[in-house]
Protein chains: 4
Amino acid sequence: MSPRTEKQLEAHKKEKKEKIIRGALRLFATKGYFNTSISDIANELNISKGSLYNYFDNKERLLNEAVDFALKEASELNLSEDDLKDLSPEKIFKAVVEGYFKLLEEKKELWSLIVSLAIHVGSIPSVHKTISSIYEELTKQLSELFTMIGHHDPENEAVKLGALMDGIGIQYMIFGESYPLNSIKENIIKGYINSKKNLP
Amino acid sequence: MSPRTEKQLEAHKKEKKEKIIRGALRLFATKGYFNTSISDIANELNISKGSLYNYFDNKERLLNEAVDFALKEASELNLSEDDLKDLSPEKIFKAVVEGYFKLLEEKKELWSLIVSLAIHVGSIPSVHKTISSIYEELTKQLSELFTMIGHHDPENEAVKLGALMDGIGIQYMIFGESYPLNSIKENIIKGYINSKKNLP
Amino acid sequence: MSPRTEKQLEAHKKEKKEKIIRGALRLFATKGYFNTSISDIANELNISKGSLYNYFDNKERLLNEAVDFALKEASELNLSEDDLKDLSPEKIFKAVVEGYFKLLEEKKELWSLIVSLAIHVGSIPSVHKTISSIYEELTKQLSELFTMIGHHDPENEAVKLGALMDGIGIQYMIFGESYPLNSIKENIIKGYINSKKNLP
Amino acid sequence: MSPRTEKQLEAHKKEKKEKIIRGALRLFATKGYFNTSISDIANELNISKGSLYNYFDNKERLLNEAVDFALKEASELNLSEDDLKDLSPEKIFKAVVEGYFKLLEEKKELWSLIVSLAIHVGSIPSVHKTISSIYEELTKQLSELFTMIGHHDPENEAVKLGALMDGIGIQYMIFGESYPLNSIKENIIKGYINSKKNLP
DNA sequence: GATGAATGAGGGTTCATTCAT
DNA sequence: TATGAATGAACCCTCATTCAT
């Protein structure tokens, strides 16, 4: 009944790692990394502390893998290249921006955890690397999107859009539900579409 | 040379508090709040651990007062109302934006500490309040600036500019020196000035 | 040799707890609760400070469990119901009173620790509850004893005898070895036996 | 307006010491000696910590002087020899016993503080001496009382009455207001008076 | 005499990590 | 692989006491 072959074993291990990561992520996101102890995580998952160390070398590595996992999962929410081909530029923008705003609303705590870790290098240097490499990737994708659309200076535009969206995230975290997330979203979408139209 | 009157005593105490705050801020900014121990701060300042507690009830209070102090100091870098009167709208924008970018460059670690604390409520709730109240104030000031300039929908514009600048901060923290801070700065300044010109 | 089954594990843990309790009790009794540090206890037992916290949530809980343990152990020194059946009233009295005096002499420090904790609620409220519930139990048993013997107003008599014995304890603690413990013991025993004989 | 002569100075100092003692006693009695800090006392009295050390060498000495003070004050509540002369034996007993019960009720916390300190030598050895010497004195007075009344074996009777009253104190502290203090008081008074009458 | 900032030893407690089972 | 007791360093904080003013 239990897995036998090496492959099965590997799969089983991966599954368990993912389980742990999800649990850890849940706690890190709500309580913060430093306020979450290894014991907390073990309790959350109903496993032993020692067992955790069979899957992760130490707490910081667990954090890094968890952040990596979360970022990859979040990326998957975004559009695949196939989608891009079939959509008009306007729709692509709408989809990208709306996807991001959805992430912001639905995974608020996770977003704030990751960004707060990312921007303060001094706290946990290793995680900074993990996040920035993914960030770079995302910006590149955004830039490609602008290129496909035929924007002049797509890189600069990608950087600016990325910054604007992150900034909205910050303000949303700080001001909470009183922040006019929706109207800003509409405003952005309209702005980009119009500005494009206005171009010669 | 030593203080005698009650006033001098009070002033002396305030001075010392500020000294401690500066030291703590230095360490919090570079190592992070959770990685900075009370001992570290005491050592940094060459005073005893116990002495710290004559000035601050506990570590979290020290953080809050430090953050408050830093934010107020940073605000003072911004323009006073007098300045606003004498400057043309274009110049005011330039000054505000440039002031912010200067802050970003010169107090990188401090900026990242504060924002990372601000956005993740779960880590230290109390500091979230301290920061958000100041943030609200800043947004209001920005909004007033837009009103004075005669922008339609100044509030929305203030929120957007605030978000954009914060977002640039994030990206700067993540990408580091490779981030094209200057070209973006110019781009923003030009953009705002042009967009205004385009208005009827 | 080492425990394997869950039952053995449980038993092993209970054993260790008891070991810690005995060590803590030894120190609390001689030095006092507040003068005994967690470090002291760990040293006494040749274990680490941290290990203690695997068995007891905190120092106060350890005290409470220790007191509880001591009181229960002391109670067991008293007579079982079987004994009562086989003895004449005179002998029961003798046994009870002598048992108490023996306790007083042989566990002097422990007795004084517990009573001193019990009577001053302000010091450690939690332990006051622990002790008073046991005290209530003891008084009830004493009352039942008087009922069995046929004393009129057994409750009142139980309270009075309890008070007298506690008072003797106090005086013994204060006056030390010069206190005529033995003669008083005899006096009490005789007094109760005679008074009973005088009843119709 | 301020005291000049040495005598006045001395008197002034004594007054202040007494003030401090009363404040300290208040806190010791309610919170316990170990839970009361020098700062607490200074705050209670609105004086500085440093000032306290002008009057008492250290905390333990303050406790000893406070206990001494309290015991002497309590003793003064008892009957003077003059009173004894004018009263019948029955009335003297009544007065002594009632005085003690009044003390128990009105200065509950103080009584429990002192007795708890007295019986546990390990906690604060010095105070044990302070209290036991006063206790000895009180027992002697009680013994003299019995002698005056013509009791055979007055010493033994004094010890027993002392013990009984202390024991009642303990039980009162443990059981609180549910303890039938009044009925026991009446019972004791009647008991002693009757037993005396019953003597040939 | 009065003050309260400074001290520094020590307090209880937490926690990531190890390791024997 | 799973366990959880054991560790020990580090943490935040308290406090009696001192001393310059």
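To find a chain, count down the sequence lines: A is the first, B the second, and so on, and within it residues start at 1.
Paired regions of DNA chain F, where each region holds three or more successive Watson-Crick or G-U pairs whose two hydrogen-bonding distances fall under 3.5 Å, are E:2-21 with F:2-21.
Side chain of D:I47, nearest nucleotide from F:dT17, F:dC12, E:dT3: E:dT3.
To the nearest angstrom, P of F:dA2 lies 9 Å from NZ of A:K13. The separation between D:N35 atom CG and F:dT14 atom P is 14 Å, rounded to whole Å. Here F:dC12 presents its C1' atom at 12 Å from CD of B:E60, a figure rounded to the nearest Å. Look at NZ on C:K31: it is 8 Å from P on E:dG11, rounded to the nearest Å. At whole-Å resolution of the value, CD1 in A:I38 and P in F:dA6 are 20 Å apart. Across the protein-nucleic acid pair, C:Y53 atom OH and E:dT17 atom C1' stand 20 Å apart, rounded to whole Å. Rounded to whole angstrom, the span from the NZ atom of C:K16 across to the C1' atom of E:dA20 amounts to 14 Å. Summarising the geometry, the separation between CZ on A:R61 and C1' on E:dA16 is reported as 16 Å, rounded to the nearest angstrom.
Between B:Y33 and C:N46, the one whose closest nucleotide on DNA chain F sits nearer the 5' end is C:N46.
Here CG of B:L117 is found 9.5 Å from OG of B:S126. Values are rounded to the nearest 0.5 Å. Annotation: the span from D:T30 atom OG1 to D:L25 atom CG amounts to 9.5 Å, rounded to 0.5 Å.
Between A:Y55 and F:dT1 there is no side-chain polar atom (N or O) within less than 4.0 angstrom of OP1 or OP2.
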Protein and nucleotides 8-10 of chain E: nitrogen or oxygen contacts under 3.5 angstrom:
from, atom 1, to, atom 2, distance (Å)
E:dG10, O6, B:K49, NZ, 3.3

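Listed here is the closest heavy atom pair of C:A70 and C:L110: CB-CD2, 3.8 Å.
Between the side chains of B:T130 and B:N64, at least one donor N or O lies within less than 3.5 Å of an accepting N or O.
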Going through the distances and angles, do B:D68 and B:I134 end up as a side-chain contact (heavy atoms from CB on, under 4.5 Å)?
-> CA-CA 8 Å; B:D68 197 53; B:I134 302 255; 3.9 Å; yes
Test log, rule side-chain contact (heavy atoms from CB on, under 4.5 Å), inputs C:I21 and C:Y55 = CA-CA 10 Å; C:I21 283 178; C:Y55 297 92; over 6 Å; no
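The local environment of CD in D:E10 is sparse, with at most 12 non-hydrogen atoms from other residues, nucleotides or ligands closer than 6.0 Å.
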Please tabulate, for side-chain N and O atoms in residues 33-43 of chain B, each donor-acceptor pair with protein atoms closer than 3.5 Å (sequence neighbours left out).
from, atom 1, to, atom 2, distance (Å)
B:Y33, OH, B:E60, N, 3.4
B:N35, ND2, A:S123, O, 2.8
B:N35, ND2, B:K31, O, 3.1
B:T36, OG1, B:L27, O, 3.3
B:T36, OG1, B:G32, O, 2.7
B:S37, OG, B:S39, N, 3.3
B:S37, OG, B:D40, N, 3.0
B:S37, OG, B:D40, OD1, 3.4
B:S37, OG, B:D40, OD2, 3.3
B:D40, OD2, B:K31, NZ, 2.9
B:D40, OD2, B:S37, N, 3.0
B:N43, ND2, B:S39, O, 3.4

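Between the D:H120 side chain and the D:H128 main chain, no donor and acceptor come within less than 3.5 Å of each other.
Judged by atom type and distance alone, D:N58 does not reach the base of F:dA16 through any side-chain donor-acceptor pair under 3.5 Å.
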